[in-house]
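Remarks on the structure that follows.
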Amino acid sequence: MAYATINPYTGQTLKTYDDATDTEVANALDRAQAAFEVWKNVSILKRTEVLKKAAALLRGSAFDYAKLLTLEMGKVLSEAEAEVELSAQILEYYVENAENLLAAEKLPSKHPSYTQSWVEHEPQGILLAIEPWNFPYYQIVRIAAPQLAAGNVVLLKHASNVPQCAAAFEQLFREAGLLDGGFANLYANRAQIKAIIEDPRVQGVALTGSEGAGAVVAAQAGNALKKSTMELGGADAFVVLADADIDKAANWAVIGRHWNAGQVCCSSKRIIVVDEIYDTFLEHYKAGVATLKAGDPLDPSTTLAPLSSQGAVDDLRAQVAQAVAHGAQVETIGAPVPETGAFFQPILLSMAEDNPAYRWEFFGPVSQVIRAKDEADAIRIANDSPFGLGGSVFTQDINHGVEVAKKISTGMVYINHPTGVAADLPFGGVRRSGYGRELVGLGIKEFVNHKLITITDIDGAF
């Protein structure tokens, strides 16, 4: 699978790694199962002490962790530092809340012989996490933190272009005091991933990635009768209503579309603006995009990062070319980006609804600003997508914004803010965006056994 660190800014290959051997995979499974047999009996308080130490270690070396993100996938340094902090906050969320989230839940019953009933939440065993490169730490911690707190153990198969980030988190948990085998990174190949899912000791799989990868892994998990969560693609609607603060909406649209160089599943990929303010909004939006500065992601003045790899650039260019072949129009925005490095020039892509590309996901700085006849049409356009990850509604009437949000079929909607991520909010989607809530709150219960216990008072036959 060619695990390697290739700096997206310079194109230089810095380090390569061999795929895991079958023996290494087998040993990791053995160690994980042995770890689970101990970890499941450790108190929640003791488990979360490890998470607390991991958060402190992250913050103590925040710059080093952030720089590694930038080195491997090109994220601008300020965003890399923000990801490190967010990861620490997620760890701390479970330190503060795991015990309450996993507390037994009493159930009412009118049956005369059932004197007490409740549900216990018990760990199940080994989980496989298959994670992408765009948020190398956050993607790990949003599955590892809740599941380690719940008493499960985790095997990680990370993206092939962030191998050092993957190894860094294995080392982080080891330094935080997690027992051997409790969290292990594997440079696994596709055949080994299938074998891991089919192993009877593995109880579930969480994947964040492409639709194609999700379909394959979900099928493998389903065939093995294993639980799974899937967070896949997105084409989030950014709806701007007639009464919106145009300056505010345009500024947030620029950020919502271009953070992490536009390589975010829940970035604002379809900006939908009602007709009466469309022209003014578009003028403000293009002016904002034109201010973005592409350059060295370690330079604090850089606001537009390179894409994660030259392959990502080539794929996006091919996708845009296909859209143009079907009739789309391209407008270049801003100053030319550097010719060296994996940069992609920000563009505005305009097309008719019958263009096949109208419903594609463009993973990079490609903007679609769509004119809607009115509010009802904006809602229609927002829902006219195979995806349903997130979305936004911009209006100065918050109550009305909530009503519009309720009409958008998606996993989450933000009012007057682009779809985002937080340490204390769940994350999920519908349709081709996947399913499951593998972050906070509900996420801690994704891979635990919900055991019903009932005390009865009955004599004779049931």
Side-chain angles (χ1 to χ4, degrees), residues 66 69-70 73-86 89 134-135 138 234-241 244-273 277-278 280-297 299-308 316 331-335 337 343-349 361-370 382 389-396 401 405 408 410 412-423 425 427:
L69 290 176
T70 300
M73 57 74 57
K75 193 186 300 285
V76 296
L77 186 60
S78 61
E79 292 182 3
E81 290 173 330
E83 182 177 340
V84 173
E85 174 59 24
L86 175 61
Q89 290 175 9
N134 57 342
F135 291 93
Y138 161 76
D236 285 14
F238 183 103
V239 177
V240 185
L241 301 181
D245 181 326
I246 293 178
D247 284 334
K248 178 179 180 179
N251 288 339
W252 273 122
V254 173
I255 296 169
R257 185 63 195 101
H258 295 89
W259 65 302
N260 209 31
Q263 303 169 115
V264 184
C265 296
C266 60
S267 67
S268 304
K269 298 188 179 78
R270 295 181 300 138
I271 303 167
I272 304 164
V273 187
I277 62 168
Y278 179 89
T280 303
F281 175 90
L282 183 60
E283 180 182 350
H284 284 66
Y285 178 75
K286 290 195 295 185
V289 175
T291 66
L292 296 175
K293 179 185 175 184
D296 184 350
D299 184 338
S301 68
T302 296
T303 52
L304 182 66
L307 299 194
S308 63
L316 188 56
E331 179 183 346
T332 298
I333 308 176
V337 298
F343 288 96
F344 193 93
Q345 179 70 45
I347 62 171
L348 178 66
L349 195 61
E361 177 183 27
F362 293 87
F363 220 57
V366 176
S367 299
Q368 287 178 267
V369 183
I370 303 168
L389 191 57
S392 311
V393 177
F394 277 75
T395 175
Q396 296 189 64
I408 298 176
T410 189
M412 48 193 168
V413 183
Y414 285 62
I415 308 299
N416 291 333
H417 194 282
T419 314
V421 294
L425 294 175
F427 193 87

Using atom types as modelled and distance alone, determine if a side-chain donor or acceptor of Arg270 lies under 3.5 Å from a backbone N or O of Ala235. yes

Main-chain N/O of Leu348 paired with Gln368 side-chain donor or acceptor, under 3.5 Å: no

For Thr419 and Gly391, indicate whether the former's side chain and the latter's backbone hold a donor-acceptor pair under 3.5 Å. yes

Taking C-beta and beyond as the side chain, do Val337 and Pro346 meet within less than 4.5 Å on heavy atoms? yes

For the backbone of Thr395 and the side chain of Asn416, can you confirm whether one donor and one acceptor N or O come within less than 3.5 Å of each other? yes

Taking the side chain from Thr332 and the backbone from Ile347, do they hold a donor-acceptor pair closer than 3.5 Å? no

Check for a donor-acceptor pair, side chain of Thr70 on one end and backbone N or O of Pro297 on the other, with a separation under 3.5 Å. no

Return yes if some donor-acceptor pair links the side-chain N/O of Glu79 with the main-chain N/O of Val76 below 3.5 Å, else return no. no

May I ask you to decide if Gly262's main-chain N or O and Asn260's side chain share a donor-acceptor pair within less than 3.5 Å? no

Answer yes or no: is there a donor N or O on one side and an acceptor on the other, between the side chain of Tyr285 and the main chain of Thr280, under 3.5 Å? no

Taking side chain to side chain donor-acceptor pair (under 3.5 Å) as the definition, give me every residue that meets it alongside Glu331, ordered by chain and number, with sequence neighbours left out. Lys286

Regarding Arg257 and Ser367, is there a side-chain donor-to-acceptor distance under 3.5 Å anywhere? no

Going by the rule ring-ring contact (aromatic ring centres under 6.0 Å, His included), which residues pair with Phe363 if we only count those two or more places apart in sequence or in a different chain? Trp133

Does the pair Phe135 and Trp259 meet the rule for a ring-ring contact (aromatic ring centres under 6.0 Å, His included), with working shown? CA-CA 12 Å; Phe135 291 93; Trp259 65 302; 5.5 Å; yes

Is the count of non-hydrogen atoms from other residues, nucleotides or ligands lying under 6.0 Å from Gln396 atom CD greater than 12? yes

Which residue in the set Lys269, Met412, Glu361 passes side-chain contact (heavy atoms from CB on, under 4.5 Å) when paired with Leu389? Met412

Does the side chain of Lys293 reach to within under 4.5 Å of the side chain of Leu304, using non-hydrogen atoms? no

Under the salt bridge (charged side-chain N to carboxylate O under 4.0 Å, His left out) rule, collect the residues that match up with Glu85, sequence neighbours excluded. Arg59

Between Ser392 (side chain) and His417 (backbone), is there a donor-acceptor pair under 3.5 Å? yes

